[in-house]
2 protein chains.
Amino acid sequence: MSIISHSQTNSEENYLKVIYHLGNEGKTKISPTSISEALNNNPASVVDMLKKLVDKKLIQYEKSKGVRLTGKGMKIALLIVRRHRLWEVFLLEKLEYSWDEVHEIAEQLEHVHNPELADRLDKFLGFPQYDPHGDPIPTASGEMADIHKTILSEVAEGKACQVVGVKDTSSSFLQYLKKLDIGIGTKITLVEKIPFDGSVIISIKSGGKTTVSKMFADNLLVAPPSLPQGEEHLHYSPRKIK
Amino acid sequence: MSIISHSQTNSEENYLKVIYHLGNEGKTKISPTSISEALNNNPASVVDMLKKLVDKKLIQYEKSKGVRLTGKGMKIALLIVRRHRLWEVFLLEKLEYSWDEVHEIAEQLEHVHNPELADRLDKFLGFPQYDPHGDPIPTASGEMADIHKTILSEVAEGKACQVVGVKDTSSSFLQYLKKLDIGIGTKITLVEKIPFDGSVIISIKSGGKTTVSKMFADNLLVAPPSLPQGEEHLHYSPRKIK
DNA sequence: TTATTTTATTAGGCAAGGCTAATTTATATA
DNA sequence: TATATAAATTAGCCTTGCCTAATAAAATAA
Ligand SMILES: [Mn+2]
Ligand SMILES: [Mn+2]
Ligand SMILES: [Mn+2]
Ligand SMILES: [Mn+2]
């Protein structure tokens, strides 16, 4: 009997992934409503599925007391995340898609089932540690590099930092970043914080000075300036977003 | 309105592909029963689906008179075939899967939807013309290189030829080929045909002499010896099967 | 050309994964 | 604490894609 005894449907995989992400990497209990919001479906549908996942021993779930992954569920969730992020790297590095296009395609590719596929892809890509959005890629055994990242709004005035990822992965945000010529690896200096509304004036290495909103600064993940510029824990060398 | 106005379900795509393959590249009318055999399901299920495909104007179908692709259906079928074969090349060339492993994974990958994906993959792979089984890959505009191939059993005694593909793609056949060290590009000389049962004695360039059954010889596609050894229309250089 | 066999179609159901509306539990508020 | 609100659950339906059994139509054989 292998670790993943019988394989999951796409829908089940999507539930496990969402439970993993919402429950901060699967540790915390979460509610049906939050799941339904993430999956853009109905709480009633969620409750249906939760029962199935309990039967398969992939989650713990007591009525009105929240949901959490079991060990077995966690392993599968990590595998899906691994596949998703590896495919994202492939799409960006090999097929030259841009930062904001890869996620949607990876949503489909992550559900392709084959016991060796993730590992072969991993090898082919040179064992990347981070995906194009700066998120760590779980290893075959389910470990994840931890990443030292803060949000831009917590960087002190006058300090430099380097972009390592985004919190919000919506394409509107990613496209805005593209417009500002900000990508993974971009060096940014936080010039000034405006107390009035939390806006932040930044200086972008390649471009010039710009002002961005608090919402923007809350969603841009950067290597904290105390660390040696983040280069070390980046698989990707600095590059533009296409 | 694009060529493919609303995208198909996996199941619909599989039906279109089967109708394409069984009806010799979509030209001939075929029966519900033959479709059900290919899809390993029930004729009644096939009739259900045929109605849906008629509604979507993807096939022509009159009760008890057989099924044929419309122009629209043909375009989609060719796209699925294109995706399938491109992914097979990727899996073999880049992820180092073997000849007999790629088909099953490509069955899943062919259903990943993204308008640019096939073309980007095509470019990344260097615009291959043939898939690992020697079948031609339709171009973005739906053209296919035609391939001059015969079955081994039609090669004349004493003539040399080169393997370009297989008719039967079952893994039992592919594994047998692997065992005999025969792959795309392998040079074979037909030494003798046994009249009794159609068995064929062949000499394999790399290995020695072997006898294979008529069934074997009927399923191995080779470039006919009159052609300049087939190298020209092969994207792949001769190689072993892993 | 009639009888038999094979193939195709229809009728009626089922499981998965959704939905809406109704109901029950929890939580928050007065 | 009693009440109002919000969240969770259940009940009852729907669509997709499949199935079996019954029926109709074609093809074949007598
Ligand atoms: Mn993603
Ligand atoms: Mn997904
Ligand atoms: Mn194939
Ligand atoms: Mn398929």
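To find a chain, count down the sequence lines: A is the first, B the second, and so on, and within it residues start at 1.
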**OP:** Using a strict cut-off of less than 4.0 Å between a Lys/Arg side-chain nitrogen and an Asp/Glu carboxylate oxygen, indicate whether Asp131(B) and Arg82(B) qualify as a salt bridge.
**Re:**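 Here Asp131(B) does not pair with Arg82(B) in a salt bridge, since their nearest N and O are not under 4.0 Å apart.
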Subject >> salt_bridge(Lys214(B), Asp218(B)) N-O dist < 4.0 Å >> reply: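 Here Lys214(B) pairs with Asp218(B) in a salt bridge, since their nearest N and O are under 4.0 Å apart.
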**OP:** Heavy atoms under 4.0 Å is the rule here; annotate nucleotides 9-22 of chain C 5' to 3' with B where the base is hit, S where only the sugar-phosphate is, and - elsewhere.
**Re:** SB-----SBBBB--
Side-chain donor/acceptor pairs under 3.5 Å, residues 41-49 of chain B, sequence neighbours excluded:
| unit_1 | atom_1 | unit_2 | atom_2 | d |
| --- | --- | --- | --- | --- |
| Asn41(B) | ND2 | Tyr15(B) | OH | 3.0 |
| Asn42(B) | OD1 | Ala44(B) | N | 2.9 |

Subject >> Spacing between Glu37(B) atom CD and dT6(C) atom P, to the nearest angstrom >> reply: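 So the CD-P distance, Glu37(B) to dT6(C), works out to 14 Å.
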Original post:
Just wondering, more than 12 heavy atoms not from Glu104(A) lying within 6.0 Å of its CD?
Top reply: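 Open: at most 12 neighbouring heavy atoms sit under 6.0 Å from CD of Glu104(A).
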Original post:
Is there a side chain to side chain donor-acceptor pair (under 3.5 Å) between His103(A) and His133(A) once you walk through the steps?
Top reply: CA-CA 9 Å; His103(A) 178 79; His133(A) 310 98; 5.7 Å; no
